[in-house]
Participant: 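To start, I am sharing the structure in question, which I have written as structure tokens.
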Amino acid sequence: MIETETKRPVRPWGAVVGVCLIAALVALWAMQGSLSGAGFPLGRAATIAVGMTLQAIPFLLLGVAVAELIEAYVSPSLIARVFPTNPLASVFAALVAAFLLPVCDCSAVPIFRSLLRKGVPLSAATTLMLASPAINPLVIASTYYAFGSWSLVGARVGLSVIVAVSVGMSMLVAAPAALRETGYDAHADGCGCSDGCEVPDRSVSGVLAATGRSFGRILPFLLGGVAASTLAQVLWPVSSLLSGLPAWGALALMMGAGFALSLCSSSDAVIARSLASLAPAGALMGFMVYGPMMDVKNVALLASQFRGVFVARLFATVTVIAACVVGGAWWMGVLS
């Protein structure tokens, strides 16, 4: 008699925790009038957190849905045709895909994981994840709307491409293990899994169910990033810290603001424009190049699905290269 393994039912604890936290945020926001006498600005914090959550959730859900569609319908053979084995060619293909995908950094992380699971080279997948929130058509349009300057739009796109490609190519040197799963072989069989894996449910209901499960697992990490970013915005007034800083200090401060504020890349240009009278052009560019690639929400999402060593290396590499690229362009007079 053959014993069959019984699967434990999936319990959506992540989704339950996420919904409870969102309900608490909405309640704080609705009660902000009665909380105005508290020592900590709870009303303002709740307003920021609710706005950031409502802004991020649709993009996160879009990214998870696209990732599950890739898991269900995209075969390793198709991935191999789109992303060649040659590192330079695969990175170029990643840049083209990044330009065509109108996604935020919240969406890019689950897509990045799905591409790695399908066997896309780490260099190409990293390039796509970093570039897509910074060079897609929505970001280009919003940047031009905020500043009205095609030269500034070109500088943002060009510097973002240089940073993303540089970080992606750096992954060819002592490439780290990124995914938490062990023993995963994307080329083992036709479904892209190792022997004995479960074939994805390709029905509409199956894809929707997988999307819901993945979204529920990731949601608490997103809300943790929102909480950290909210505290930074309430306790760290960027505008008052900019006065009197040297160029390198202004660049470091604005890159730190891009990381802490965790703005959606389709709207960060509007915030940058509001600081144009306080911050020099190079510092603003650091804000718009670094923020979409690396912020608090992004790190929280990465930490939920990837190895800590990889996340730490990615964070350090993006930070150093972005500072050097933007700072170098500013020093050479490209940004004025």
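Note that the numbering runs from 1 along the sequence shown for the chain.
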Participant: Just so I know, are the side chains of I140 and I135 near enough to count as touching, which here means a heavy-atom distance under 4.5 Å?
Facilitator: no
Participant: Any side-chain heavy atom of V289 sitting closer than 4.5 Å to one from M255?
Facilitator: no
Participant: Examine V320 and V326 and state if one hydrophobic cluster contains both, with Ile, Leu, Val, Met, Phe, Trp and Tyr joined whenever side-chain heavy atoms are less than 4.5 Å apart.
Facilitator: no
Participant: Can you give me the closest heavy-atom contact between A134 and L130, atom names plus distance?
Facilitator: CB-O, 4.3 Å
Participant: Measuring from atom CG of L172 to atom CG of L122, what distance do you get when rounded to the nearest 0.5 angstrom?
Facilitator: 8.0 Å
Participant: Judged by atom type as modelled, is there a donor-acceptor pair below 3.5 Å linking the side chain of S142 to the main-chain atoms of V139?
Facilitator: yes
Participant: For F83 and S90, which heavy atoms make the closest approach, and how far apart are they?
Facilitator: CD2-O, 3.8 Å
Participant: Do F287 and F259 have ring centroids that are under 6.0 Å from one another?
Facilitator: no
Participant: Find out whether Y290 and T319 are in side-chain contact, i.e. whether some heavy atom of one side chain is under 4.5 Å from a heavy atom of the other.
Facilitator: yes
Participant: Regarding Y144 and S149, do their side chains bring together a donor and an acceptor under 3.5 Å, going by distance alone?
Facilitator: no
Participant: Taking a hydrophobic cluster as the set of Ile, Leu, Val, Met, Phe, Trp and Tyr residues connected by side-chain heavy atoms closer than 4.5 Å, whether directly or through intermediates, do F92 and L100 fall within one such cluster?
Facilitator: yes
Participant: Rounded to the nearest 0.5 Å, what separation is found between the OG1 atom of T127 and the CZ atom of F112?
Facilitator: 9.5 Å
Participant: To the nearest 0.5 Å, what is the distance between CD1 (I162) and SG (C324)?
Facilitator: 12.5 Å
Participant: Please say yes or no: joined through hydrophobic side-chain contacts below 4.5 Å, possibly via intermediate residues, are V165 and L88 part of one cluster?
Facilitator: yes
Participant: So M171 and P176, do their side chains get closer than 4.5 Å, heavy atoms only?
Facilitator: yes
Participant: Can you name the closest pair of heavy atoms from A283 and M254 and give their distance?
Facilitator: O-CB, 3.2 Å
Participant: Same cluster or not: are W248 and I321 linked, directly or through other Ile, Leu, Val, Met, Phe, Trp or Tyr residues, by side-chain heavy atoms under 4.5 angstrom apart?
Facilitator: no
Participant: Given L314 and M294, is the side chain to side chain contact (heavy atoms under 4.5 Å, CB included) satisfied, shown in steps?
Facilitator: CA-CA 9 Å; L314 181 67; M294 196 59 57; 4.0 Å; yes
Participant: Please confirm whether the backbone N or O of S123 pairs with a side-chain atom of T126, one donor and one acceptor, at under 3.5 Å?
Facilitator: no
Participant: Hey, could you give me each pair passing salt bridge (charged side-chain N to carboxylate O under 4.0 Å, His left out) that has a residue in residues 253-271? Not counting sequence neighbours.
Facilitator: R156-D268
Participant: In the single-linkage hydrophobic clustering (I, L, V, M, F, W, Y; side-chain heavy atoms under 4.5 Å), do V96 and V161 co-cluster?
Facilitator: yes
Participant: Counting N and O atoms only, with roles assigned by atom type, does the side chain of S170 sit under 3.5 Å from a partner on the main chain of V167, one being a donor and the other an acceptor?
Facilitator: yes
Participant: Do I111 and M129 have side chains that approach each other closer than 4.5 Å (heavy atoms only, starting at C-beta)?
Facilitator: no
Participant: Which value, rounded to the nearest 0.5 Å, describes the distance between R307 atom CZ and R313 atom CZ?
Facilitator: 14.0 Å
Participant: Please name the pair of heavy atoms, one in T143 and one in A269, separated by the smallest distance, quoted to 0.1 Å.
Facilitator: CA-CB, 3.7 Å
Participant: Indicate the atoms forming the closest heavy-atom contact of S132 with A108, along with that distance.
Facilitator: OG-CB, 3.8 Å
Participant: Could you report the tightest heavy-atom contact between A155 and L335, atom names first, then the distance?
Facilitator: CB-CD2, 3.9 Å
Participant: Answer yes or no: is there a side-chain heavy-atom contact under 4.5 Å between N298 and M293?
Facilitator: no
Participant: CE of M285 to CG of L251: how many Å apart, nearest 0.5 Å?
Facilitator: 11.0 Å
Participant: To the nearest 0.5 Å, how far apart are CG in L159 and CH2 in W330?
Facilitator: 13.0 Å
Participant: Between S114 (side chain only) and P110 (backbone N and O only), is there a donor and an acceptor less than 3.5 Å apart?
Facilitator: no
